[in-house]
Structures are given as structure tokens and as C-alpha cells.
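Remarks on the structure that follows.
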Number of protein chains: 2
Amino acid sequence: MTETASRPTLEAVAARAGVSRATVSRVVNGGEGVREPLVERVRKAVEELGYVPNQAARSLVTRRHDAVAVVIAEPETRVFADPFFALQLRGISKELTAHDSQLVLLLTEGPEDYARVGRYLAGGHVDGALVFSLHLDDPLPALIQGAGVPTVFGGRPGWADGTRGDATTVYVDSDNRGGARDAVRHLVGLGRTRIAHITGPLDQTSAVDRLDGFRDVMVDADPRLIVEGDFTPAGGERAMRELLGRCPELDAVFAANDVSASGALRVLRELGRRVPEDVAVVGFDDMLPVAEQSDPPLTTVRQDIEEMGRLMARLLLRGLERRAPDEPGDQGPAGTPSSVVLPTTLVRRASA
Amino acid sequence: MTETASRPTLEAVAARAGVSRATVSRVVNGGEGVREPLVERVRKAVEELGYVPNQAARSLVTRRHDAVAVVIAEPETRVFADPFFALQLRGISKELTAHDSQLVLLLTEGPEDYARVGRYLAGGHVDGALVFSLHLDDPLPALIQGAGVPTVFGGRPGWADGTRGDATTVYVDSDNRGGARDAVRHLVGLGRTRIAHITGPLDQTSAVDRLDGFRDVMVDADPRLIVEGDFTPAGGERAMRELLGRCPELDAVFAANDVSASGALRVLRELGRRVPEDVAVVGFDDMLPVAEQSDPPLTTVRQDIEEMGRLMARLLLRGLERRAPDEPGDQGPAGTPSSVVLPTTLVRRASA
DNA sequence: ATGAAAGCGCTAACAT
DNA sequence: ATGTTAGCGCTTTCAT
């Protein structure tokens with residue numbers, strides 16, 4: 001706990017440099033249209049006084065905050081079950097930093113926090129919001145879009161159906177469906193015929209999209225070969241046992257993410273099934289600590305999570321630039337960035 | 001991207017309610033000293049207009065921000081190698097939320113970002129800072145303490161030696177040394193005599209403290225039984241091979257964290273050593289996804305990471321309250337919270 | 001108990 | 001090119 005000294009103001013700097021406040025302001029904000037000798041004098045005064053602009057005062061007049069909110073609604077497990085968000089945050093942080101914007105993190109534990117988030121966003125503290133909309137039925141995203149804050153979503157929100165031309169909702173997502181297709185096609189290419197799927201929680205679009213991808217390839221898949229998981233190791237274990245019970249002769253499994261694949265792997269090992277000889281396994285995510293360290297290492301679908309974060313931030317900032325600095329109302333589709341779906345790549349390791 | 005409507009001001013609410021701005025302000029800030037009928041009228045006007053206070057304007061006069069910066073300096077790996085920070089953030093977020101404070105996340109990729117962080121903190125955007133000081137030689141913490149912002153550190157900073165009475169630096173840490181002692185004593189209690197230690201990176205106080213704890217019990221430990229790791233699975237593997245090469249007859253290993261323990265486990269399995277029969281293994285952290293899912297499940301030292309985060313925030317906020325709302329200068333040791341070291345507990349599972 | 005008025009520190013017209 | 005000035009929206013004395 002150190003002391004809070006009262007900071008020098010523009011006024012003080014102006015006095016010291018023997019110029020007006022306006023001139024100091026100009027210098028501080030880039031020095032356009034100020035002659036060199038004056039710039040010099042002001043810089044010196046700023047330096048000597050240790051002047052730092054008061055952001056509150058500045059925001060009050062500019063109505064800009066150089067801050068972006070990141071909203072993560074996750075009642076429980078997942079935030080720390082996998083490093084997904086940490087990576088995404090990293091990407092976001094890098095991009096925001098490059099644009100001198102700050103990252104305000106809004107974590108919610110449940111619906112009781114939503115009002116607070118809505119209030120904050122509506123309160124005009126930030127220039128925009130990056131929102132992770134995980135569950136189909138979650139009211140938060142809608143609430144946020146209602147708050148009148150420019151927003152980019154991480155992952156396709158439930159109401160955006162992925163068809164082109166949906167200009168009102170901007171999101172960044174991986175090509176979950178295409179990635180799943182690649183994974184399943186890989187298994188087919190290996191000569192596997194009884195291919196099972198452990199899904200994610202089907203109230204999340206990523207899980208639904210991966211299931212759709214699975215179905216794209218296995219057009220008339222035996223319904224017994226599809227079991228709902230929940231993106232956790234325990235869920236993967238449970239699902240694997242279920243599958244084996246239903247259909248002992250299966251020869252491949254596509255798990256909707258790496259951690260559930262690791263659970264499946266554990267069950268297969270326990271039951272003496274060799275991987276990949278008896279059962280080939282493919283995951284999704286390429287979460288390194290999981291995929292690379294599992295036994296055997298996991299063949300999986302890689303998505304560049306950090307890049308997704310970076311892109312979300314970039315899209316938001318670009319949209320912010322486009323709108324007139326002060327003018328309310330958006331610029332229409334012309335200036336509005338549209339959603340981006342990033343490609344995935346299959347990473348071959350030992351499990352399939 | 002939704003449109004940004006221009007928000008109603010205090011003035012507008014006052015007009016609508018037929019009162020002065022001052023009265024509206026009083027109602028909005030708790031309604032002390034305003035008679036019921038008026039309070040009612042104002043509340044109604046606020047509701048109808050959807051008024052939300054402009055925080056910039058408020059901060060400009062109150063000099064409070066109701067925001068706290070969380071600074072995480074982590075060039076690379078660790079932030080996403082384990083869920084440590086996610087948990088800590090969660091704890092911090094919960095506590096801040098309860099006090100209506102916002103969390104501003106400052107991530108740094110390297111020393112080139114330090115100036116930016118320093119500037120931000122010095123700029124008076126936040127009421128205080130929560131700083132994770134991971135490396136002994138990191139200049140960031142000092143820089144921050146110099147910025148004149150009330151700060152609480154996560155993990156003992158290198159310069160704080162842990163002796164009582166160091167009132168200038170406030171930190172929250174686990175009892176790394178005590179926890180390590182418990183772990184090693186447990187192994188001794190199991191009858192193990194050739195106990196090895198895989199340390200963490202010794203430029204971090206947590207790793208040093210755990211090593212000290214190990215030495216407290218193994219007073220004259222064979223130096224060959226101590227190998228430096230780096231808190232990663234790969235480091236754990238490397239260290240385990242090294243140990244086995246140096247001293248094949250070892251019968252126990254205390255790894256400085258769970259992920260390096262999991263690496264060690266993998267090597268032991270690969271080399272046909274049974275755990276715990278041939279070699280007992282104890283980790284540190286009780287990182288559930290790792291400790292519980294490893295094979296065999298890991299006996300480890302649990303620290304309540306989320307609680308650490310919560311406590312950091314609580315300490316900071318308490319310190320903030322103590323100082324006069326506006327008055328510069330701190331209140332001296334009397335009002336200054338002091339550091340807290342949280343106890344750890346040994347969790348017995350199958351590995352030792 | 002309520003209102004009037006004075007700024008908080010800054011930017012952005014507008015004047016010079 | 002530089003200075004002057006009028007607010008941005010709010011809280012907070014100080015009157016009433």
C-alpha cells in the first residue's frame with residue numbers, strides 16, 4: 001500500500017511551460033500543429049512534473065474510453081477445466097494493447113450477475129464488448145445487444161444461424177462443422193466403419209456444429225453410436241462406457257473435444273482396448289497439455305484459439321473506428337465488419 | 001454492432017422529476033436526506049428515462065474509480081499451462097463484484113509492456129492494483145510500487161523475506177514451505193528414505209519456499225536427489241529421468257507442483273517403476289484436472305487458490321477504505337492490512 | 001430537506 | 001500557430 005500523490009494537471013504543465021492549456025493538450029495528443037520549440041518546452045514540463053492525463057476528464061469530453069469489456073458467462077467448471085479462455089484472453093489482450101485499449105474483465109457466476117453486467121455496459125464505461133456466448137438459452141447476449149454497446153461474440157450465438165447476410169450479429173468462430181467433418185473423414189479413410197461420437201453439451205453451438213459435421217459424413221449413423229458428453233474428462237469416461245455397452249464392436253470414436261477424448265482414452269485403456277489398433281480416437285481443440293500428453297498422444301482438430309481472440313478484438317476496434325467518433329447510430333452494413341469463421345486443421349498423432 | 005444511443009443525464013432526470021440535479025444525485029447515491037415522496041418521484045424518472053450515471057463524470061469529481069487493475073506478468077507458458085490464474089481471477093472477481101468494483105486486466109508479454117502498465121497505473125485509472133509477481137528478478141513489481149498505487153501482491157515477492165513486520169509490502173501467499181514439509185513428512189512416515197525433490201523454477205519464491213520446506217525435513221539430503229524443474233510436465237519428465245539416472249534406488253519423489261508430478265509419473269510408468277509400491281509420489285497444488293485424473297491419482301498439497309484471489313481483493317479494498325476518501329498519503333501501519341499466508345492441507349490419494 | 005452554483009481536468013470550437 | 005472559452009455530467013459545499 002503506497003501513497004496516492006495528487007497528480008499535476010494540464011494547467012500546471014501549461015504554467016510551467018509558459019503556454020496555454022490548449023497547446024499542452026495538443027502536444028500530449030500527438031503534437032499536431034504546434035511548432036517544434038514549443039513542443040520541446042511542453043515535453044520538458046510534462047517530464048519534469050511527471051504529468052499523466054486524467055482519463056476521466058478526457059473521457060468526459062471525448063466520450064471515448066479506450067477500454068473494451070470482455071464478458072465471460074460461465075457458471076462453473078469450464079473456465080478452469082481447460083485453458084481455452086486464457087488463450088483467448090491472451091489474443092484479445094495483445095490486440096487491444098496494440099491499440100492502446102484496456103481490457104475490463106466481467107466474469108459472471110450466474111444470472112444474478114447479469115443485471116450488473118447490463119448496467120455496466122449501458123453505463124458507457126467502455127467503447128465496446130467482447131462476449132462469450134456459450135449457452136443457447138443464455139439471456140445475457142441478448143441483454144448485452146440491448147444495452148446499445150458495439151459487440152462481437154466469441155463463438156456463434158444461438159440465434160445466428162450461420163447463413164450469410166446476418167449483419168446484425170458479429171461473431172468469430174472456428175469452423176466446427178468443417179473440422180468435425182475432417183476428423184470423421186480421417187477415421188473413414190483409416191478404414192473404420194463403426195465410428196462413434198461423443199458430443200459436447202448440446203446447448204452450445206460448438207457442440208451442435210461438431211455433431212452436424214459428424215452427421216455430414218456419417219449420413220445414416222446408428223443413433224446408438226452418438227452419446228452426449230459435456231466437454232469434461234468425466235463426461236468422456238461416462239460416454240465411452242455407455243458407447244461400449246451399447247455397441248462393443250465400435251472401432252473408432254470422435255470426441256467433441258480433447259478433454260473428453262482423454263476420458264475416453266482412459267476407459268479404453270482400462271478395458272484393454274488398444275488405441276489405435278482396436279479403437280481409433282480423434283479429439284477436437286488441440287489443447288496442447290491434453291492432446292500431446294495423453295497416452296497415446298491425440299490426433300485432433302486444431303483451432304487457433306489465440307487468433308480467435310485477436311480477431312474478435314480487431315473486428316470490434318475496426319467497427320469502432322468506422323462509426324463517427326461521436327455521432328450516435330451505426331454506419332449501416334457498409335462499415336460493419338461481418339462475422340468470421342476460422343479454418344481448422346487436422347493434427348495427426350498416434351491415436352488415429 | 002449495435003447503435004450507441006446518447007444517454008440521458010442527471011439534468012434530464014431532474015427536469016422530469018421536477019427537482020434539482022442535486023436531489024437526483026442524492027437519490028442516485030443512496031437517497032440519504034431526501035424525503036420519501038421525492039425519492040419516489042426521482043426513482044420513477046430514473047426508471048422511465050433509463051438513466052445510468054456517467055462514470056467518467058463521477059470519477060472526475062470523486063476521484064474514485066471503483067476499478068482495480070490485475071496485473072499478470074507472464075511471458076509465456078504458465079498462464080495457460082495450468083488453470084492457476086483462472087481460479088485466482090475468479091476469486092478476485094467475486095470479491096470485487098461484491099464491492100461493486102470492476103476488474104481491469106493487464107497482461108504483459110514481456111518487459112516491453114512494462115512502461116505501458118506503469119503509465120496506466122500512474123494515470124489514476126484504478127483505485128488499486130493486484131499484482132502477480134512471479135519472478136525474483138522481475139522489475140515490474142518495483143515499478144508498480146513506485147507508481148504510487150495501493151497494491152497487493154499475489155505470492156511473496158522476492159524482496160519480502162517473510163519475516164513479520166514488513167509492513168510496506170502486502171501479499172497473499174500459500175504456506176509453501178509448510179506444505180512442502182507436510183508432503184515430505186508424509187513420505188517419511190511411509191517409511192521412505194531416499195526421497196527426491198523436483199523443484200520449480202528457482203527464480204520464483206514459491207519454488208524456493210517449497211525447496212526450503214523439503215530441506216527442513218531432509219536436513220542432510222543428498223544433493224543428487226534435488227533436480228530443478230520448471231513447473232511443466234516436460235520439465236517433470238526430464239527431471240525424473242535425471243534423478244533415476246543419478247540415483248536409481250530412490251523410493252519417493254516430491255514434485256513442486258502437480259503438473260511436473262504428472263510428468264514424473266509418466267516416466268516412472270514408462271520405466272516400469274510401480275507407483276506407489278516402488279516409488280511414492282507427492283505433488284503440490286491439487287490442481288484437480290491433473291491430480292485427480294493422473295494415473296495413479298496424485299497425493300498432493302492443496303492450496304485454496306480461489307480463496308487466495310478473494311483475499312487479495314479483500315485486503316486491497318480494505319486498505320482503500322481505510323485511507324481517507326480523498327486525502328493523499330496513507331494512514332500508516334495502523335490502517336494498513338498486513339500480508340496473509342494461507343495454510344495448506346495434504347490430500348491423500350493413491351500415489352503416496 | 002432542497003436548491004444554486006462552483007468546479008473536477010480535459011478537449012474542441014472559435015478567435016486571434 | 002497559439003490562446004480563449006465553453007462546456008462534458010457529476011458531486012458537493014453553501015445557502016435557503
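Everything quoted here is computed from the prediction, not taken from an experiment. Naming: A, B, ... by sequence-line order, numbering from 1 per chain. We use all heavy atoms of the structure for the numbers below, so side chains are in, but hydrogens, waters and symmetry mates are not.
A/His65 places a side-chain N or O within 3.5 Å of a backbone atom of A/Gly124 that can act as its donor or acceptor partner. No donor-acceptor pair under 3.5 Å is formed between the side chain of A/Asp127 and the backbone N or O of A/Val68. Remark: side-chain polar atoms of B/Arg90 are not paired, donor with acceptor, to backbone N or O of A/Leu107 under 3.5 angstrom. Checked by atom type and distance alone, the side chain of B/Ser339 never pairs as donor or acceptor with a backbone atom of B/Val172 at under 3.5 Å. For the pair B/Ser59 (side chain) and B/Gln55 (backbone), a donor-acceptor distance under 3.5 Å is present.
Listed in residue order, the members of residues 37-47 of chain A having a heavy atom less than 4.0 Å from DNA chain C come to none. Annotation: proximity of residues 10-23 of chain A to DNA chain C (heavy atom, distance under 4.0 Å) is found for A/Leu10, A/Arg21, A/Ala22, numbered in ascending order.
Under the salt bridge (Lys or Arg N to Asp or Glu O under 4.0 Å) criterion, B/Arg116 pairs with B/Asp113, sequence neighbours left out. For A/Asp173, the side-chain hydrogen bond (donor to acceptor under 3.5 Å, both in side chains) partners are A/Asn176, not counting sequence neighbours. Applying the side-chain hydrogen bond (donor to acceptor under 3.5 Å, both in side chains) criterion to B/Glu95, with sequence neighbours excluded, gives B/His99, B/Arg314. Remark: A/Leu136 pairs with A/Thr205 by the side chain to side chain contact (heavy atoms under 4.5 Å, CB included) rule, at least two apart or across chains. Residues that satisfy the salt bridge (Lys or Arg N to Asp or Glu O under 4.0 Å) test with B/Asp138, not counting sequence neighbours, are absent from this structure.
Taking five base pairs at each end of the helix from C/dA1-D/dT16 to C/dT16-D/dA1, the local helix axes there meet at an angle of 40°, rounded to 10°.
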**Q.** Chi angles and distances behind the side-chain contact (heavy atoms from CB on, under 4.5 Å) call for B/Leu106, B/Leu121
**A.** CA-CA 10 Å; B/Leu106 269 31; B/Leu121 261 21; 3.9 Å; yes
Return all side-chain donor-acceptor pairs below 3.5 angstrom for residues 15-31 of chain A, not counting sequence neighbours, or 'none' if the list is empty.
unit_1: A/Arg16; atom_1: NE; unit_2: A/Glu48; atom_2: OE1; d: 2.6
unit_1: A/Arg16; atom_1: NH2; unit_2: A/Glu48; atom_2: OE1; d: 2.9
unit_1: A/Ser20; atom_1: OG; unit_2: A/Ala22; atom_2: N; d: 3.4
unit_1: A/Ser20; atom_1: OG; unit_2: A/Thr23; atom_2: N; d: 3.3
unit_1: A/Ser20; atom_1: OG; unit_2: A/Thr23; atom_2: OG1; d: 3.3
unit_1: A/Ser25; atom_1: OG; unit_2: A/Asn29; atom_2: ND2; d: 3.4
unit_1: A/Asn29; atom_1: OD1; unit_2: A/Arg58; atom_2: NH2; d: 3.3
unit_1: A/Asn29; atom_1: ND2; unit_2: A/Ser25; atom_2: O; d: 2.7

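Bracketed by its first and final contacts, the part of DNA chain D lying under 4.0 Å from non-hydrogen atoms of chain A reaches from D/dA1 to D/dG9 in 5' to 3' order. Bracketed by its first and final contacts, the part of DNA chain C lying under 4.0 Å from non-hydrogen atoms of chain A reaches from C/dG9 to C/dA13 in 5' to 3' order.
The ring-ring contact (aromatic ring centres under 6.0 Å, His included) pairs that include a residue from residues 138-158 of chain B are B/Phe153-B/Trp159, where partners are two or more places apart or lie in different chains.
By the neighbour-count criterion of 12 heavy atoms within 6.0 Å, atom CD of B/Glu32 is sparsely surrounded, having that number or fewer from other residues, nucleotides or ligands.
Salt bridge absent: B/Glu47 and B/Lys44 never bring a charged side-chain N and a carboxylate O closer than 4.0 Å.
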